[in-house]
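This chain uses plain numbering: 1 for the first residue, then up along the sequence.
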Amino acid sequence: MKQLFVLDPIKQINPLKDSSAALMEAAQRHDIEVWICSPSDLQARGDKAWVAASSVNTKPWIEVHQSESIPLSDFSCIWMRKDPPVDEAFLYATHLLEVAERDGVLVLNKPASLRAWNEKLGALRFSDLMAPTFVASRVSELAAFAQDQGEVVIKPLGGKGGQGVVRVANAAPGLEALLELITSQEQLPVMMQKFLPNVMEGDKRILLVNGEPLGAINRRPKKGDFRSNLALGGKPEATELTNRDKEICSNLKPSLRQEGLFFVGIDVIGGMLSEINVTSPTGIREIEQLTTIPLADQVIEHLLKILE
């Protein structure tokens, strides 16, 4: 069995922290051939999808073999694990991966859903599970929402890893000027949410596989910041799922399964759903280090059951 991982350049991947590395190593432990490529290596020849890919050995990290041009139909599964931004190159890659889908190859996550589920806007399908949220580009309307909520966070819709997320009080001087800047003079919508003070106690990342929660960590912001993202210095802590966390996962499960979102990371703050991460969710290494859960192996085992 062969599996292909569509990734950022392999030299950028830190095997001690990266979830893609964890999945690749787990796949090899299950006697699966692991191949890698970048989105720019995807091709179409007529109605067939091809790729210039390399097989790899992950132990020791990493031995990359000579690139070969092979049809995507040679793979039983393709992992689309390219980090955001979801730009033109990313979108075109999903279209090429859909050609492989038509030939019966399982692509994770489903290309059409990667396009449809913006990691901020996708959560709006479950707005009853979220803090009060408003998405708009009009400065006056955003300012009015901030006035109603008292204190808010503002998130760029294309952001990742907490980058560009701003916390602001309704009485902050220059609020409208800030909104003009963030919306590019009312040309781009942004997400505004009521600030949840519980975030100072941590932001819980829950990893779901085929709709089932397999593990979680709590990410506590570093001193002087409210953003808990690990990429910004957040500290991972062991945690347990609460009944509310399980309720949120149960609500998401039917939609995630129906839309082919096999591997997903959701963020929960104080019992409120914040985001649904579908492009290249992280957290496997931290969960494995803080718990006894062999999470990457469990992910591959769930996948093999689907491929049977």
Side-chain angles (χ1 to χ4, degrees), residues 84 117-184 186 188-206 216-235 237 239 241-252 255 264-278 281:
W117 286 64
N118 173 276
E119 298 190 333
K120 307 295 189 296
L121 297 178
L124 295 178
R125 303 173 189 225
F126 310 95
S127 60
D128 58 315
L129 304 175
M130 302 172 67
T133 300
F134 184 56
V135 178
S137 55
R138 300 296 182 200
V139 167
S140 61
E141 296 177 3
L142 289 162
F145 180 82
Q147 188 67 36
D148 289 342
Q149 300 303 322
E151 192 170 11
V152 296
V153 293
I154 309 169
K155 301 178 179 180
L157 298 182
K160 66 168 185 175
Q163 295 173 356
V165 177
V166 178
R167 172 185 172 186
V168 62
N170 59 2
L175 173 60
E176 293 195 1
L178 174 64
L179 292 172
E180 290 169 358
L181 178 64
I182 293 175
T183 62
S184 295
E186 300 189 330
L188 291 176
V190 295
M191 175 175 280
M192 184 178 280
Q193 290 180 310
K194 181 179 178 64
F195 175 69
L196 299 174
N198 286 352
V199 74
M200 306 313 294
E201 300 301 319
D203 175 351
K204 191 175 294 187
R205 164 58 58 90
I206 305 173
I217 53 169
N218 189 51
R219 302 171 299 176
R220 190 178 292 270
K222 69 180 181 181
K223 186 176 180 180
D225 203 344
F226 71 96
R227 297 170 299 174
S228 57
N229 307 78
L230 299 180
L232 296 177
K235 179 183 177 182
E237 302 173 337
T239 190
L241 294 184
T242 65
N243 288 336
R244 172 62 173 174
D245 296 333
K246 294 174 183 177
E247 177 187 352
I248 291 172
C249 294
S250 179
N251 275 272
L252 269 56
S255 294
V264 169
I266 68 170
D267 298 335
V268 177
I269 302 171
M272 293 287 186
L273 177 66
S274 175
E275 294 183 12
I276 302 175
N277 299 276
V278 302

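Side-chain contact between Ile276 and Val264: present, with at least one pair of heavy atoms (C-beta onward) separated by less than 4.5 Å. Inter-residue side-chain proximity for Val268 and Arg244 is flagged as unmet; no heavy-atom pair is nearer than 4.5 Å. Residues Val190 and Ser137 form no side-chain contact, since every pair of their non-hydrogen atoms from C-beta on lies 4.5 Å or further apart. In this structure the side chain of Val153 never reaches within 4.5 angstrom of the side chain of Val199, judged on heavy atoms. Side-chain contact check for Gln149 versus Phe195: every heavy-atom pair is 4.5 Å or farther apart. Taking the side chain as every heavy atom from C-beta outward, Asn198 and Met272 never approach each other to under 4.5 Å. Contact check for Val152 versus Asn170: no side-chain heavy atoms found under the 4.5 Å cut-off. With a 4.5 Å cut-off on side-chain heavy atoms, Glu201 and Arg220 count as touching.
Residue pairs meeting the ring-ring contact (aromatic ring centres under 6.0 Å, His included) criterion with at least one partner in residues 118-138, sequence neighbours excluded, are Phe134-Phe145. Counting only residues at least two apart or on different chains, the side chain to side chain donor-acceptor pair (under 3.5 Å) pairs with a member in residues 119-130 are Glu119-Thr279, Arg125-Glu259.
Between Ala146 and Leu175, the shortest heavy-atom contact is CB-CD2, 4.1 Å. The minimum heavy-atom distance linking Ala136 with Leu142 is given by the pair O-CD1, 3.7 Å. When all heavy atoms are compared, the tightest approach of Met192 to Leu179 is CE-CD2, 3.8 Å. Shown here for Pro189 and Val135, the closest heavy-atom pair between the two residues is CB-CG1, 4.1 Å. Looking at every heavy atom in both residues, Met191 comes nearest to Leu124 through CE-CD2, 4.1 Å. Nearest heavy atoms, Met130 versus Leu273: CG-O, 3.3 Å.
Distance check: Ile248 CD1 to Thr242 OG1 gives 7.0 Å after rounding to the nearest 0.5 Å. Atoms CD1 and CD1, from Ile154 and Ile182 in turn, are 4.0 Å apart once rounded to the nearest 0.5 Å. With rounding to the nearest 0.5 Å, the separation of OG1 in Thr239 from CZ in Arg219 is 11.5 Å. A distance of 5.5 Å separates CG of Leu252 from CD1 of Ile266, quoted to the nearest 0.5 Å.
A side-chain donor from one of Gln193 and Thr133 sits under 3.5 Å from a side-chain acceptor of the other. A side-chain N or O of Lys155 and one of Ser274 form a donor-acceptor pair less than 3.5 Å apart. Counting only N and O atoms by type, the side chains of Asp203 and Asn218 include no donor and acceptor under 3.5 Å apart.
The backbone N or O of Val139 lies less than 3.5 Å from a partner atom in the side chain of Glu186, making a donor-acceptor pair. No donor-acceptor pair under 3.5 Å is formed between the side chain of Asp267 and the backbone N or O of Arg205. Not one N or O on the side chain of Asp225 forms a donor-acceptor pair closer than 3.5 Å with the backbone of Pro221.
A salt bridge is absent between Lys194 and Asp148: the closest approach of a Lys/Arg side-chain nitrogen to an acidic carboxylate oxygen does not fall below 4.0 angstrom. Between Lys204 and Asp245 there is a salt bridge, since at least one side-chain N of the basic residue sits less than 4.0 Å from a carboxylate O of the acidic one.
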